[in-house]
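Heads up: the structure comes next, in structure tokens.
In what follows, every chain begins at residue 1, and chains take the letters A, B, ... in the order their sequences are listed. Please read all numbers here as calculations on a predicted model, not as lab measurements.
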Amino acid sequence: MNKLVLIDGSGIAYRAFFALPLLNNDKGVYTNAVYGFTTMLLKIIETEKPTHMLVAFDAGKTTFRHKTFKEYKGTRQKTPPELSEQLPLIREMLDLMGIKRYEKELYEADDIIGTLSKVAQKDGWTTKVVTGDKDLLQLVDKNITVSLTRKGITEMDDYDPEKVMERYEIDPIRIIDLKGFMGDSSDNIPGVPGVGEKTAIKLLKQFGSLEAVYEDLESVSGKKLKEKLEANHEQAVLSKQLATIDVHAPVDIQLEDLAFESNFSQALGDLFKELEFSSLLDRIGFEATIEEETRDFDIHVELVHDITETLLQKESAVLVETLDENYHYADILGFSIVNEQGNYYVPKEVALASTLFKDWLEDGTTKKIVYDAKRDIVAMRWHGIQLRGIHFDINLASYLIDPSESNHDLAAIAKRRKIHYVYSDEAFYGKGAKQHIPEEEKLADHLVRKAHAMLELEPLLSEELQTNHQSSLFFELEMPLAKVLAEMEIKGVAINEQTLKDMGIELNEKLERLEKDIHQLAGVAFNINSPKQLGEILFEKLNLPVIKKTKTGYSTSADVLEKLQGSHDIIDHILEYRQLGKLNSTYIEGLLKVIHPKTNKIHTLYRQALTQTGRLSSTDPNLQNIPIRLEEGRKIRKAFVPSKKEWIMFAADYSQIELRVLAHIANDENLIKAFNEGMDIHTKTAMDVFGVKDDEVTSLMRRHAKAVNFGIVYGISDYGLSQSLNITRKEAAAFIEKYLDSYPGVRNYMTDIVQKAKHDGYVTTLLHRRRYLPEITSRNFNRRSFAERTAMNTPIQGSAADIIKLAMVNMAHRLEEEELEANMLLQVHDELIFEAPKHEIEKLKVIVPEVMESAIELKVPLKVEASYGQTWYDAK
DNA sequence: GTGGGCACGC
DNA sequence: GACGTACGTGCCCACG
């Protein structure tokens, strides 16, 4: 059976261009439309497995339609040059993929597609049309389906005749009548003014066609409508004509010529590499390979059998290779050292057996350039080495220079700075099941290349940091913080395993009971954890009203279920099942799984070079999302205990740090005054937004005010606020307006920062952390709006992150100075958690708030609340 | 192995 | 007027 795929090339290119941010490769060539187009093609090839393919393009500005209506597409904006310059690349891509393309003078892509789809239909073929243009739905027929891009570029909705009927309630061919009435502003087709989709469909359902409506105009209900139709008769007929795809266009190609096979050439792989589509390479059957220019670079490697003084210089790039992502468990593969004396590879056994080498690693007076200081410190510590003398972390530097850079691998950092001789780890070791460690000679070569690049990169990155005014952010904040975090990770947090296990047993019993009840209420056994099965039960079997749909089916999220509460007893049970199930799988079973066998503690990994705002993140396990808001979940914290008897857990959190930062940055008098007077900020906001006095603030007002503050801090939209408060978007927008009226300094800040971001291309935090926002000038409303909210939010959230990081570095020094035994263990964005002997409590109660509050001086005081107890749970 | 849906924290 | 809307991590399911 032949399967033909016809693609609206012009439409998809246009769509891809606007759907994706303006990407470019290292030569500055724009690639977003090519990339989007290509991912769409690959998806189609993979899912449809076509035997024949054609991409049709519009031939030029003038088409036969302009003869009847010279203003056709008259309001179209000129194609942006950033897109035009990508069209030849798309053509080249198609040629290399072996996909035929076609354009015809005076005809549009639609007409070519229409004509060929009907020829194929006659020959008994199956055809799929891929487009972003709803007009093409008129082609839907037996054996012809139309795929409309939905959001982005690779997500599509398939329309067969039934689906068109379901969506529009008319036959596919009546799409042209619909267009006749509605018109189309993007093509400058007038239609009948005042008639939209709803009215047009009503008319077509009643009369059948546009012509039939005009033949029997008297039967049309509504005087106004009748007048509008009468006055625009000619225009409606013309509009229908313009919207009609010519299925008899003079297309001079045979279907057989469109044969397609998906075995791709090396030339295509080369083009992908040139355009930096590395993530797509394996989809066309190419591995990420080491490029020739990289391989050809000759580097002399000295394999070290005996450690001597000569290779241990005052300044070196040092690499300790650990393959396991989780460096608490990672084995060391080997070391490389590159300095002015040479390029050395030191096998693991040689390195670990040498006291000379160990002493050098532990020598704080030598300057070591590393790629990931925290990983190196921790990994070596597990092998008994106290790494010191770290001077420069390549990864951290790259992150500070541009956190949005998607790839901070050494090879990528190097390549962006014209250093091409490093292999990417993925290309060298392989990924997934194919990962393996090559023979020692190759490994030595790889590691030495990496260290060599590190040595070469250090001055380049230093220079960039300096240009960005980020030297002190780097050397005085992030570098010292890496060491502090390493110590926290190594120390780990002790866990009372039995507490977790007991909670697990209790939870399992409750879950079993709940499951039984739910199955009974449903009348059938099913998997409650499957949103798909749950949706079928709720909305098909029990016929509950559908509140929201996801792209794959019914939404069963908590906010949907909450709206269904009361309509069926099963809902409450499901909500409870979900809540307890989450606790059990993520927090009980999940945490038990990651207790380190050697220490019986949990050692998280902080990601210091990941988030766009400068916050840390925590993985393996994530200790930054341990439940607190609901009591059942909060109990999990009872399992987090001090590592020594007679010790306690001590917690200290910043109160409203983001809003204080906002008061400072925005220099808002009202907000500054509120903080200086020590007011409850949510109550204060409620007073201002609702215009009431202190004692008139109801709990609902305060809740709403709190959500508005939350929105300001996290940069959510009016839509986001409306969702969290369950109010309309308009009401949410009104709240935000009221807020900004009350805090004019904040309003000015919001306006100014967006302007500044447009001008500079980036925003910064108090300590010069930087976030680029290229989309702030996007023509796409969503992208632009998002960038604008990010511009407002990042300086707030990022500065708060700067402050707590600074406090952590200071705290580590202070604990040492005071010779306290207390250990700093965890950071949860605005909170620090310690363990300490009881006799240090009184001292900590003074020192910890003092260090945190004095981390930085703002126009408002910083406030810290501290508490302690037997477990993390009790430190509240 | 991957993407989607969901839920946890800040 | 629609668009699709704080971030990050991890679980389970369903798909190939």
Side-chain angles (χ1 to χ4, degrees), chain A residues 18-19 46-47 150-152 154-155 185 196-197 282 403 431-434 526-535 548-561 574-575 578-591 593-594 604-607 610-630 632-634 636-637 653-654 656-658 710-724 729 732 778-790 792-794 796-798 800-801 804 826-831:
Chain A
F18 286 103
E46 284 159 15
T47 56
R150 182 171 34 176
K151 95 175 195 227
T154 54
E155 278 180 43
S185 59
E197 186 178 311
D282 62 337
K431 67 168 176 180
K434 286 180 203 148
F526 67 101
N527 185 345
I528 307 162
N529 280 321
S530 160
K532 193 176 156 211
Q533 294 184 34
L534 179 61
K548 194 164 77 180
K549 284 197 142 198
T550 67
K551 57 184 152 191
T552 51
Y554 310 107
S555 169
T556 65
S557 62
D559 61 311
V560 168
L561 296 183
I574 292 169
L575 281 166
R578 277 257 179 88
Q579 193 202 336
L580 301 184
K582 171 81 178 172
L583 289 180
N584 198 35
S585 64
T586 305
Y587 297 106
I588 302 287
E589 291 172 9
L591 289 175
K593 258 188 274 188
V594 292
T604 187
L605 302 172
Y606 288 105
R607 302 282 308 258
L610 184 129
T611 69
Q612 301 303 301
T613 54
R615 276 187 172 187
L616 299 173
S617 78
S618 156
T619 61
D620 266 342
N622 181 353
L623 294 184
Q624 291 182 321
N625 72 343
I626 304 300
I628 187 162
R629 294 175 51 218
L630 300 173
E632 291 98 315
R634 192 172 195 156
I636 300 281
R637 295 178 174 227
D653 68 297
Y654 281 110
Q656 306 298 347
I657 187 167
E658 282 97 351
F710 180 87
I712 297 289
V713 166
Y714 288 113
I716 63 173
S717 57
D718 51 6
Y719 173 84
L721 181 63
S722 73
Q723 289 298 299
S724 66
R729 224 187 73 240
S778 172
R779 279 161 288 228
N780 178 316
F781 174 82
N782 288 322
R783 290 170 179 281
R784 192 176 60 249
S785 305
F786 180 56
E788 287 171 358
R789 293 203 304 276
T790 308
M792 303 175 206
N793 160 253
T794 295
I796 304 172
Q797 208 189 109
I804 192 164
L826 301 172
Q827 188 250 43
V828 191
H829 307 307
D830 63 357
E831 181 183 14

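Nearest-nucleotide assignment on DNA chain C puts the 5′-proximal partner with A/N782, out of A/N782 and A/N793.
Separating the CD atom of A/E658 from the P atom of C/dC7 is a distance of 15 Å, rounded to the nearest angstrom. Atom C1' of nucleotide B/dG9 and atom CG of A/L583 are separated by 13 Å, given to the nearest angstrom. Whole-Å rounding puts the A/Q797 CD to B/dG9 P distance at 17 Å. Residue A/F786 contributes atom CZ, which lies 9 Å from atom P of C/dT5 at whole-angstrom precision. Between A/Q579 atom CD and B/dC6 atom C1' the separation is 14 Å, expressed in whole Å. Rounded to whole Å, the distance from CG on A/L575 to P on B/dC8 is 10 Å. Rounded to whole Å, atom C1' of C/dG10 lies 15 Å from atom CZ of A/R578. Rounded to whole Å, the distance from CG on A/D559 to P on B/dG5 is 14 Å.
OP1 or OP2 of B/dG5 lies within a sub-4.0 Å distance of a side-chain N or O belonging to A/T550. Regarding contacts with the backbone of C/dC7, every side-chain N or O of A/R615 stays at 4.0 angstrom or more from both OP1 and OP2. Note on A/R789: every side-chain N or O is 4.0 Å or more away from OP1 and OP2 of C/dT5. Between A/S617 and C/dT9 there is a side-chain polar atom (N or O) within less than 4.0 angstrom of OP1 or OP2. Phosphate contact (OP1/OP2 of C/dG4, side-chain N/O of A/S717, threshold under 4.0 Å): absent. For B/dC6, one of the phosphate oxygens OP1 or OP2 lies less than 4.0 angstrom from a side-chain nitrogen or oxygen of A/S555.
Side-chain contact between A/L610 and A/L616 is absent, with no heavy-atom pair separated by less than 4.5 Å. Looking at A/L561 and A/R578, their side chains come closer than 4.5 Å, going by heavy atoms from C-beta outward. Residues A/L826 and A/Y606 are in side-chain contact: their nearest non-hydrogen atoms beyond the backbone lie under 4.5 Å apart. Considering only heavy atoms from C-beta on, A/Q723 stays 4.5 Å or farther from A/I716 through its side chain. Looking only at side-chain heavy atoms (C-beta outward), A/R637 and A/I628 come within less than 4.5 Å of each other.
Going from the C1' atom of B/dC6 to that of C/dA2 covers 27 Å, rounded to whole Å. Here, B/dG5 and C/dT5 have their P atoms 12 Å apart, quoted to the whole Å. Distance check on atom C1': B/dA7 versus C/dA6 gives 16 Å, rounded to whole Å.
Using a 4.0 Å heavy-atom distance criterion, A/D718 is classed as making no nucleic acid contact. The residue A/T556 sits close only to the backbone: its heavy atoms come under 4.0 Å of sugar-phosphate atoms, none of a base. Within 4.0 Å of A/T613, counting heavy atoms only, lies no atom of the nucleic acid at all.
The nucleotide C/dC12 finds its pairing partner in B/dG4, both defining distances of the Watson-Crick or G-U wobble pair being shorter than 3.5 Å. Pair assignment for C/dA2: none, as no Watson-Crick or G-U wobble contacts are both less than 3.5 Å.
The side chain of A/Q612 approaches C/dG8 more closely than any other nucleotide in the set C/dG8, B/dA7, C/dC3. If you check B/dG9, C/dA6, C/dG8 against the side chain of A/F710, the one that comes closest is C/dA6. Across C/dA6, B/dG9, C/dG8, the shortest atom-to-atom separation from the side chain of A/R629 is found for B/dG9.
When atom types are taken as modelled, the side chain of A/T619 and the backbone of A/N622 share no donor-acceptor pair closer than 3.5 angstrom. Remark: the backbone N or O of A/V713 is paired with a side-chain donor or acceptor of A/N793 at under 3.5 angstrom.
With values rounded to the nearest 0.5 angstrom, A/Q827 atom CD is found 11.5 Å from A/L623 atom CG. Rounding to the nearest 0.5 Å gives a distance of 9.0 Å between NZ of A/K593 and OG1 of A/T586.
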- Message: I'd like to know whether A/I712 forms a side-chain contact (heavy atoms from CB on, under 4.5 Å) with A/F710, so could you lay out the CA-CA distance, the side-chain angles of the two residues, the decisive distance to 0.1 Å, and finally the verdict.
- Response: CA-CA 5 Å; A/I712 297 289; A/F710 180 87; over 6 Å; no
- Starting at the 5' end of nucleotides 11-16 of chain C, put B wherever the base has a protein heavy atom under 4.0 Å, S where only the sugar-phosphate does, and a dash everywhere else. SSSSS-
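A heavy-atom distance below 4.0 Å to DNA chain C is reached by these residues of residues 621-628 of chain A, ordered by number: A/N622, A/N625.
Nearest heavy atom pair, residue A/P621 against residue A/T604, reads O-OG1, 2.7 Å.
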